[in-house]
2 protein chains.
Amino acid sequence: MRVRLEDVARATGVSQKTVSRVLNEEPSVKEATRQKVLAAMESMNYRPSPAARGLAGRRSFLVAMLYDNNDNPASTYLAEIQDGVLEACEAHRYSMMVCPLRVHGQDFLRRIDALVADHHIDGVVLTPPLTDNRKLLARLQEHGVAHACISPMHHKGIVGVFMDEQRAASDLVGHLVGLGHRRIAHVVGIADHGASRWRLAGYKDALAAAGLAVDPQYIVQGEFTFGSGVVAARRLFSLKRWPTAIFTANDDMAAGVMWTANEIGLKVPRDLSVCGFDDTPMATQLWPSLTTVRQPSREMGRLAAQQLLEQLRGRGKGRLVQIPYELQVRASTAAAPG
Amino acid sequence: MRVRLEDVARATGVSQKTVSRVLNEEPSVKEATRQKVLAAMESMNYRPSPAARGLAGRRSFLVAMLYDNNDNPASTYLAEIQDGVLEACEAHRYSMMVCPLRVHGQDFLRRIDALVADHHIDGVVLTPPLTDNRKLLARLQEHGVAHACISPMHHKGIVGVFMDEQRAASDLVGHLVGLGHRRIAHVVGIADHGASRWRLAGYKDALAAAGLAVDPQYIVQGEFTFGSGVVAARRLFSLKRWPTAIFTANDDMAAGVMWTANEIGLKVPRDLSVCGFDDTPMATQLWPSLTTVRQPSREMGRLAAQQLLEQLRGRGKGRLVQIPYELQVRASTAAAPG
DNA sequence: TCATGATTTGACAGCGCTGTCATAATTGCC
DNA sequence: GGCAATTATGACAGCGCTGTCAAATCATGA
């Protein structure tokens, strides 16, 4: 019926334990033996049973992708990351679970306990803002579960992947300055997200570099959603002196800003330049298409998972990988009006 | 250390097997015994090991959500369905795996084999267009894996969830007719998807009901993507007599149409009415906001999974549930020009 | 050549649960 | 009240693999 490890052992003339060693890439197996076993596995189409491995051993070959279901309702950002994580997992014959967490409440720690207890999760991939949740990190540590972070706020001793968002934001705002804009507003993301801080910092950097003062009126709080972009834009358009350009901390809010501009009859980019951050699919689907910064989410998911697996499979410690950004200058930004 | 079934048995003074029976909701356990065991499980915080259950029994308590990665790159549609499936699974202590399939190639059947062999998947949730892939269905049957479908093309003997998309489309086009439109175009989705057929059929129904002829010029092939919406729109605008309204088979293509309208200086809805289908988040974020049909993806995922689990847990056969649609009339449709 | 340590292999128990089958308790009915 | 038919429970093996620890094999230097 099913090809078992025992069958491979018998066919090869070695013990089950030796086959197991080969399977798990343990050292101290003679190369000749390894090859023989590997060949038999291949030809017999042997596929180890995850259930049995999980039961007998300490490892489950399972990683979970955790995300905050509260701040991120079914976004393409997460879907892309998930795709990347999945890809890396499959390459190493690991399985992936997805685990939405509602962080507002203490209950989410129980979910972690359950995940570890039930499935013996080997490791987790954390997405923002979970990457910086102290309680969560502590609990993972307690359970001895490895983790990799995507865009973590702090970098010390962390495994995962990040981008220099501050410089990216600064470059982007520099682009606006280069177009002659002097009154440039910024719509901030959810306050305690790293992404919000970096992008705001980059905005300030660019203004400073251009010798422009930071006007607090032009910095409006948002929360990464389309709706909050609308609200922020209305607030900006209620000012005496309108900004000629608005940089929002992500594309969704930029869409909100553009929507509002349409609503009040402003023409983008003639009357107002708008730029976002992330380069979600929406960026090219807006009219006019959105100037933004490309953040390769899928790739980031893949790399983070890869580093996690590196660590789990005992090949080194896993690193914090930096990934380059890329400005996407499109049609939503143009020279400042007259 | 870990609380095992044996511990519960000892604490209750019954055999392991009896505890197992309670755990699996098997019949022929005296009510008093059941309660005693249940109480012990609760107080000891017992959590069965999925690995052990999977190894010993025939069931894995695992379901997979399959989707076609080719036609559906990381869409919110799938993300929402996934969310719903996950919710239903968690309610019944099942785990969920996600499994992207590339259907163009024979290789995907191997992936199914692997999924079943490796993980002993109990059942799968199928999303379009996999719901109608004969080879896939046959292979699942062979493996004895139960399945539930979301919006399957055929309804006979199928478990899952569907909407009356044809009537929905017909209502939507009826809405356009009511606004005085006579030259109404339709951008079709990927040809062999059920969604495309129903929506096209509904379009024709509505024209017929209004006594309007179906003009083949006004029916343009698309493929559910933004880009294909752009292409389709350009084609329509190359005709001598432009349509005054365009109904696209989904929201993404509607966005493409609106983008193109903007490009050539057409004002929606003054010069052109546009409507889509699905009510993705994008629908309210477009300018002007899009008239469309609400398809509650998340809920559909939840219901499909629920029916699948119903079947797996042996409580009845699982049904094909119909879910109501809802027209969302927004700002992208208005009275026909002139 | 043989002792010594390093390397490579194997025997076996057991991970936590369920299937099988046998046994015990209970019920219905004449 | 006694017998068969039913219902409720338990003993035990074993799912497919890995951890432990002991044994065999090999390489090395005196």
Side-chain angles (χ1 to χ4, degrees), chain A residues 1-38 40-41 44-62 93 95 116-120 122 312-314, chain B residues 1-38 40-41 44-62 93 95 116-120 122 312-314:
Chain A
M1 166 100 191
R2 179 192 178 99
V3 181
R4 293 154 308 153
L5 184 136
E6 188 188 344
D7 303 320
V8 177
R10 198 163 10 232
T12 329
V14 300
S15 71
Q16 294 191 32
K17 183 62 215 188
T18 295
V19 178
S20 168
R21 287 194 179 94
V22 172
L23 185 62
N24 292 290
E25 304 183 337
E26 287 175 26
S28 81
V29 177
K30 221 198 304 178
E31 187 54 27
T33 315
R34 169 188 306 282
Q35 292 305 334
K36 207 168 47 175
V37 172
L38 246 25
M41 282 180 173
M44 302 173 78
N45 191 27
Y46 169 68
R47 332 201 91 256
S49 151
R53 296 227 275 176
L55 185 56
R58 326 195 164 298
R59 299 156 67 193
S60 63
F61 302 90
L62 244 183
R93 291 181 167 261
S95 299
V116 176
D118 290 359
H119 299 281
H120 286 289
D122 286 339
L312 291 181
R313 310 193 328 144
Chain B
M1 166 104 189
R2 180 192 178 97
V3 182
R4 292 154 308 153
L5 184 136
E6 188 188 343
D7 302 321
V8 177
R10 197 164 9 234
T12 328
V14 300
S15 72
Q16 295 191 32
K17 183 64 214 186
T18 295
V19 178
S20 168
R21 286 194 179 94
V22 172
L23 184 61
N24 293 291
E25 304 182 338
E26 287 175 27
S28 81
V29 177
K30 220 198 304 179
E31 187 52 30
T33 315
R34 170 188 306 283
Q35 290 306 335
K36 206 168 48 177
V37 171
L38 246 23
M41 283 180 172
M44 302 175 77
N45 191 27
Y46 168 69
R47 334 200 90 255
S49 150
R53 297 227 274 177
L55 184 56
R58 326 195 164 299
R59 299 156 67 194
S60 63
F61 302 92
L62 244 183
R93 291 181 166 260
S95 300
V116 176
D118 290 359
H119 298 281
H120 285 290
D122 286 339
L312 292 181
R313 311 193 327 146

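Proteins get letters first, then strands, A, B, ... in listed order; numbering begins at 1 in each. Please read all numbers here as calculations on a predicted model, not as lab measurements.
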Taking atom types as they are modelled, is there a donor-acceptor pair under 3.5 Å from the base of D/dG19 to the side chain of A/R21? no
Which is more 5' along DNA chain D, the nucleotide nearest B/S15 or the one nearest B/L55? Just name the residue. B/S15
Please determine, for the side chain of B/S28, which listed nucleotide (D/dC17, C/dG16, D/dT9) has the closest atom? D/dT9
For the side chain of A/R47 and the base of D/dG16, is some donor closer than 3.5 Å to an acceptor across the two? no
Checking all strands, does B/P27 fall into the base, sugar-phosphate, or nothing category for heavy-atom contacts under 4.0 angstrom? nothing
N/O (side chain, A/R58) to phosphate O (OP1/OP2, D/dT20) under 4.0 Å: yes
To the nearest Å, how far apart are B/Q16 CD and C/dG14 P? 14 Å
Give a yes/no on whether any side-chain N or O of B/S20 is located under 4.0 angstrom from OP1 or OP2 of C/dT18. yes
Rounded to the nearest 0.5 Å, how far does CZ of B/R53 lie from CG of B/L62? 11.5 Å
Under 4.0 Å from OP1 or OP2 of D/dG10: is there any side-chain N or O of B/T18 that close? yes
Identify the residue among A/L38, A/T18, A/V22 that makes a side-chain contact (heavy atoms from CB on, under 4.5 Å) with A/T33. A/T18
B/K17 or B/A51, whichever maps to the more 5' nucleotide of DNA chain C: B/A51
Overall bend - the helix from C/dT1-D/dA30 to C/dC30-D/dG1, comparing terminal axes fitted on five pairs, nearest 10 degrees: 30°
Checking C/dC17, D/dG16, C/dT9 against the side chain of A/A52 (C-beta onward), the nearest is D/dG16
Inter-residue atom distance B/L55.CG - B/H120.NE2, 0.5 Å rounding: 8.0 Å
Quick check on D/dG16: is either OP1 or OP2 less than 4.0 Å from any side-chain nitrogen or oxygen of A/S49? no
At under 4.0 Å between heavy atoms, what does B/K30 touch on the DNA or RNA strands: base, sugar-phosphate, or nothing? sugar-phosphate
Nucleotide of D/dG19, D/dT9, C/dT18 approaching A/E26 most closely (side-chain heavy atoms): D/dG19
Separation between CG of A/L5 and CZ of A/R10, rounded to the nearest 0.5 Å: 11.0 Å
Decide yes or no for B/L23 and B/M41: does some side-chain heavy atom of the first lie under 4.5 Å from some side-chain heavy atom of the second? yes
Counting neighbours of CZ on A/R93 that are heavy atoms of other residues, nucleotides or ligands and sit closer than 6.0 Å, is the number greater than 12? no
Can you check the A/E6 CD to D/dG14 P distance for me, whole Å? 12 Å
How far apart are the closest heavy atoms of A/H119 and B/S95, and which atoms are they? CE1-OG, 2.9 Å
Please report the distance, rounded to the nearest Å, between CZ in B/R34 and P in D/dA8. 10 Å
Could you tell me how far apart A/E31 (CD) and D/dC26 (P) are, to the nearest whole angstrom? 17 Å
B/L5 CG to D/dT9 P: how many Å, rounded? 15 Å
From CD of A/E25 over to C1' of D/dT18, roughly how many Å is that when rounded to an integer? 16 Å
In whole angstroms, the gap separating P of D/dC17 from CG of A/L23 amounts to 8 Å
Indicate, with a heavy-atom threshold strictly under 4.0 Å, whether B/F61 touches base, sugar-phosphate, or nothing. nothing
Distance, rounded to the nearest Å, where A/N24 contributes CG and D/dG19 contributes C1': 11 Å
Please step through side chain to side chain contact (heavy atoms under 4.5 Å, CB included) for the pair B/L312 and B/R59, ending with a clear verdict. CA-CA 9 Å; B/L312 292 181; B/R59 299 156 67 194; over 6 Å; no
